[in-house]
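All remarks here apply to the structure that follows.
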Amino acid sequence: MRCSKKPRIRGPASPLLATPLTVGYYFYNPTENKVSVARNGEFLEDKFLSTENTRNDVDLQEVEEDVTLPIVEPVTQQEHVETQPETVEEVQTQDLRRSTRVRQEPDRYLGFLVSQDGGDLNEPTFYGEAVSGSESEQWQEAMKAEMRSMYDNQVWELTNLPQHCRAVGRKWVFKKKTNMDGNVHTFKARLVEKGFMQTHGIDYDETFSPVAMLKSIRILMAISAYFNYEIWQMDVKTAFLNGKLTEDVYIQQPEGFVDPKNPDKVCKLLKSIYGLEQASRSWNLHFDVRIKEFGFTKSEFEPCVYTKFSGSVVTFMVLYVDDILLIGNCWVLWVSSDQTDSRIILDLSNLAGLIYLIG
C-alpha cells in the first residue's frame, strides 16, 4: 500500500499495519524502520501478489520482530485482591452531602394543610378483630346494615355450586369515615369480593367506568357562583349493589352470616358487589339508564355530567362514583318531584348542602 500525495507524510510502498482510525492509516517502512500515519492511501494489491514472497509470511514476521510496542505488566490476582480494601475504604470514608436548608411550607398553604395519613383510626383488619375489640358493637351494627342492604337489593340467591365452577372468596373491610375536621362520624363495614380471583373472559369482560373530571366540577362551580345557583350533594347508599350482572359469579357466604340451614351452599350473584372487577361499570350503566328516565340528558363531552332544562328551571347533575352533585336554580321543585321518585330506585341520603366534596 502506498501513501497518497495529499498527506504531509510521504513514503514508498509499505505494508498496512492497522485498520483506519480517526487519524488515518498506519504504514510501516521496513527500510527506515519507521511507522507513518496518513489519511489517504493507495492499495497496490497486484504488485504485492506478483512478488516472490507472500505477504502473510514476510510482512508479518518483520512487524513482529522490529515494531516495538509498550509492554504492560499483567496484574496478578493477588495484587488485585490486595488493592480492593483500599478502594472500599475510600468509598466508605466519603460522606454523603445533605442539604442543611430548613424546609418550611409556603405561607399561601397555611390553614389548608391536611395530614396525609389521616392519623391512626385503629380500624380492624379482619372479622375476628372487629367482633372482639372494644368497638365491637359499632362494627356489628355496621355489618348488619350492610347485610340489610344486600337483602333489600336482592344481591344474591343461595344455590349449590355447579361442577367445574369455583366460588370466589370474600372478606369484610372496615372503615371509619371522618368529616372535614378529621372526627369519626360513621362506622362502615363492606362485604368485598376478592376480585383478584376472577378470570377475565369467564367472570368478567369490560371493566371501564368513567368519573367526572375535576376541571368539569370546577367549571360548574364557577357557573353556579356567577348565576347564584344552589349546590347540593347526595350520596347513594351501597351504590354498587344496584348494578346488574350478566355473568355467573359465585361467592362464599359472608363470614358471621352463614345460613345455618344451608351452610354448604354458595351465593350466586344477581347484582354486583364491591370488589368485583366489573362492579363500577355495572353501577355506572345502571345509573345512566335510570337518570335518563327523569328527563336528564348526558353531556356529549363529559359522560358523567347530566343536564335538564324545564322552562326557566336549570339543573346540572354530576356523578363521581357514588357521589351526586346537584346544581340548579330551583332546588325546591326537584325535591318535591324527581327526588321522591328517585328514592324508589336508588337509596339516596340527602346531605342538605355541599360542604365537603370528594372526601
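Just so it is clear, the structure is predicted and the values come from calculations on it, not from any experiment.
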Write down the atom of [X], the atom of [Y], and the distance for their closest heavy-atom approach.
X: Met143; Y: Val131; answer: CE-CG1, 3.9 Å
X: Lys176; Y: Leu121; answer: NZ-O, 2.6 Å
X: Gln252; Y: Cys267; answer: O-SG, 4.4 Å
X: Trp283; Y: Val236; answer: CH2-CG1, 3.9 Å

*Give a yes-or-no answer on whether the side chains of Ser209 and Ser280 include a donor-acceptor pair shorter than 3.5 Å.*
yes
*asked:* Checking Glu277 against Thr207: is there a side-chain donor and acceptor pair closer than 3.5 Å?
replied: no
*Look at the rings of Tyr274 and Phe240 and say which category their plane angle falls in: under 30° parallel, 30 to 60° tilted, over 60° perpendicular.*
parallel
*Can you list the other members of the hydrophobic cluster that holds Val266, where links are side-chain heavy atoms under 4.5 angstrom apart?*
Leu161, Tyr250
_Both conditions, 6.0 Å and 45 degrees, for the charged tip of Lys298 above the ring of Tyr306: are they met here?_
no
*According to the salt bridge (Lys or Arg N to Asp or Glu O under 4.0 Å) rule, which pairs have a member within residues 198-213, sequence neighbours left out?*
none
_Quick test of your reading of the model: are Lys292 and Asp288 salt-bridged, counting only N-O distances below 4.0 Å?_
yes
_Trp139/Phe174 aromatic ring centres below 6.0 Å_ = yes
_In this structure, is the centre-to-centre distance between the rings of Tyr229 and Phe227 below 6.0 Å?_
yes
*Gln253 side chain to Asp259 backbone, donor-acceptor under 3.5 Å*: yes
*From Asn242 CG over to Ser149 OG, what is the distance, rounded to the nearest 0.5 angstrom?*
9.5 Å
